[in-house]
Chemist: 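Before I ask anything, here is the structure I am working with.
Chain letters run A, B, ... following the sequence lines, proteins first and then strands; every chain starts at 1.
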2 protein chains.
Amino acid sequence: MEPLTEKQQQILEFIVECLRENHPPSQREIAGHFKLAQNAVYQLVSYLKKKGYLVDAGGHRGLRLSEAYVEELAETEGMPLLGRVAAGEPILAEENVESYVTLEALFNRSKDTFLLKVSGDSMVDEGILDGDYVVVKSAARVGSGQIGVVLLDDEATVKRVVVQKHRIALKPANRKAGYKTRYIKRFDKDVRIVGKVIGCIRTDIR
Amino acid sequence: MEPLTEKQQQILEFIVECLRENHPPSQREIAGHFKLAQNAVYQLVSYLKKKGYLVDAGGHRGLRLSEAYVEELAETEGMPLLGRVAAGEPILAEENVESYVTLEALFNRSKDTFLLKVSGDSMVDEGILDGDYVVVKSAARVGSGQIGVVLLDDEATVKRVVVQKHRIALKPANRKAGYKTRYIKRFDKDVRIVGKVIGCIRTDIR
DNA sequence: TGACAACATGGTCAAACAACCATATTTTAG
DNA sequence: CTAAAATATGGTTGTTTGACCATGTTGTCA
């Protein structure tokens, strides 16, 4: 995008800040903030429109960011997702960046998705470690062989669920602890399948 | 919060929607959308203020959401994080929900944080699987023993980095493949430490 | 030196606007 | 049944606002 002068940049940043807080500023408000005449702002805003940073929705307080500029901002906001990393280039060089993603976008979440903090090592061999958060999608049943969250003896456990003829097998994944599969009757009152594990997040790796 | 009538709810939702798109609606715009007189809106908005959903910043298009309501919205927006799950309760019952977190908040990210898609199984024993995204914080050096991203032979690799006297050891974590540590000279031109792995995200668990 | 872009002031004006009044109908709760 | 709350209309008023005009200054570039 066409470069901005310092003043224009300042004004634009102020506008973005205001929009972030959901109140598009009036020209007079901007003028007040920078101790300018309303008209100085009118002009500067005109420049910003001409350069394609702002769009006018019409009406009072009608300033909007242009799509192009919103996109440019997104690159600062979302996390850059790196594809193949080329040697020599600075790591965050454009050719390395595949896209910019918000973490929200990684999981296309619906209303009934939630996080559950995992305690225990029973699923380590599946890459679900103690302290991880599993992303769970609420569901009354889980496909056989999938990893699910089961409410069992007042405790939510994450296990691989295998549906058999008359029972359900809850298979841990911990080589060291041995694979002590637990079997429960189907339709047991004290057991409830809570959901299906669709993701896993680990923070604070040291 | 005090419950809303259907009409009030409708109006509020419309306002929220407008605010999301960064243009607080004027009363007339709302009125137009619902085919009402400006004054009907004035009254309904008054109720919403009285009930604590809206706040008035004064001036034209001065409507804002109250903090209380923003908080309530956050519960719909962020993912609920479940603590100890009580049996009997519906899984998303209030007593189960510890807090509502946006995924953004899980990593307190700075500008130089990015995602890198992992290919390969060399870190499976650390719970970093093929296809996972690692959250990387840019850094020229990595503490000994930490997991880092190293640019090596035109390829970004995730390995445990152990700094020794005259060399750096890159230790994979894959029992099956054997732990074939790779040693590189310190200050080797062809090697660059790119950053430190601070998190790991797995999507699409089947 | 002269042209031009950027930046600035003060002033005017019509449209958009929130606030408020009087009033009427419908819905809800006791 | 009745009173209060909620929902609605139309009209008035004073303020806020964007747009625009005339004009002046400063810095840059040819």
Chemist: Take the protein atom CG of A:Leu48 and the nucleotide atom C1' of C:dA5, then report the distance between them rounded to whole Å.
Modeler: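 So the CG-C1' distance, A:Leu48 to C:dA5, works out to 15 Å.
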Chemist: Give a yes/no answer on whether the side chain of A:Tyr47 brings an N or O atom under 4.0 Å of OP1 or OP2 in C:dA6.
Modeler: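 Checking A:Tyr47 against C:dA6: at least one side-chain N or O falls below 4.0 Å of OP1 or OP2.
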Chemist: Round to the nearest Å and state the distance from B:Leu44 atom CG to C:dC20 atom C1'.
Modeler: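 B:Leu44 atom CG is separated from C:dC20 atom C1' by 16 Å.
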Chemist: Measure up the B:His33 and B:Phe14 rings against each other and bin them: parallel (under 30°), tilted (30 to 60°), perpendicular (over 60°).
Modeler: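 Parallel.
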Chemist: Once rounded to the nearest 0.5 Å, what's the spacing between atom CG of A:Leu12 and atom CD of A:Glu17?
Modeler: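 These two atoms lie 11.5 Å from each other.
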Chemist: Roughly how far, to the nearest 0.5 Å, is the CG atom of A:Leu54 from the CD atom of A:Gln8?
Modeler: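 Reported to 0.5 Å precision, the distance equals 10.0 Å.
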Chemist: Nearest 0.5 Å, what's the CG-CE distance between A:Leu129 and A:Met123?
Modeler: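 So the gap between those two atoms works out to 11.5 Å.
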Chemist: Between B:Arg64 and A:Glu21, does the side-chain contact (heavy atoms from CB on, under 4.5 Å) criterion hold? Intermediate values first, please.
Modeler: CA-CA 9 Å; B:Arg64 308 277 183 280; A:Glu21 290 159 29; over 6 Å; no
Chemist: Expressed in angstrom and rounded to an integer, what is the separation of A:Gln10 atom CD from C:dC7 atom C1'?
Modeler: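 Taking CD of A:Gln10 and C1' of C:dC7, I get 12 Å after rounding.
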Chemist: First and last nucleotide of DNA chain D in contact with chain B, 5' to 3', at under 4.0 Å to a heavy atom: what are they?
Modeler: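 It runs D:dA6 to D:dT16.
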Chemist: How long is the line joining CD of A:Gln8 and C1' of C:dA8, in whole Å?
Modeler: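 From A:Gln8 CD to C:dA8 C1': 14 Å.
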Chemist: Please work out whether the ring planes of B:His60 and A:His60 are parallel, tilted or perpendicular, with thresholds of 30° and 60°.
Modeler: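 Ring orientation, 0 to 90° scale: parallel.
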Chemist: With rounding to the nearest 0.5 angstrom, report the CG to CD1 distance, B:Asp132 to B:Ile201.
Modeler: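 Answer for the CG-CD1 pair, B:Asp132 versus B:Ile201, is 9.5 Å.
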Chemist: Can you tell me how far apart OG (A:Ser26) and CD (A:Gln38) are? Round to the nearest 0.5 Å.
Modeler: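 Those atoms lie 8.5 Å apart.
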Chemist: With the sugar-phosphate defined as primed atoms, P, OP1 and OP2, and the base as all remaining atoms, what B/S/- string results for nucleotides 23-30 of chain C, 5' to 3', for protein heavy atoms under 4.0 Å?
Modeler: --------
Chemist: Do A:Glu2 and A:Lys50 meet the salt-bridge criterion of a basic N to acidic O distance under 4.0 Å?
Modeler: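 Answer for the salt bridge query: no.
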Chemist: Where along nucleotides 12-18 of chain C does protein come under 4.0 Å, by heavy atom, of base (B) or sugar-phosphate alone (S), with - for untouched nucleotides?
Modeler: ----BBB
Chemist: When you check the gap from the basic side-chain N to the acidic O, do A:Lys49 and A:Asp56 get nearer than 4.0 Å?
Modeler: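 Counted as a salt bridge, because a side-chain N and a carboxylate O are separated by less than 4.0 Å.
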Chemist: Does the side chain of B:Leu36 reach to within under 4.5 Å of the side chain of B:Lys7, using non-hydrogen atoms?
Modeler: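 Sidechains of B:Lys7 and B:Leu36: in contact.
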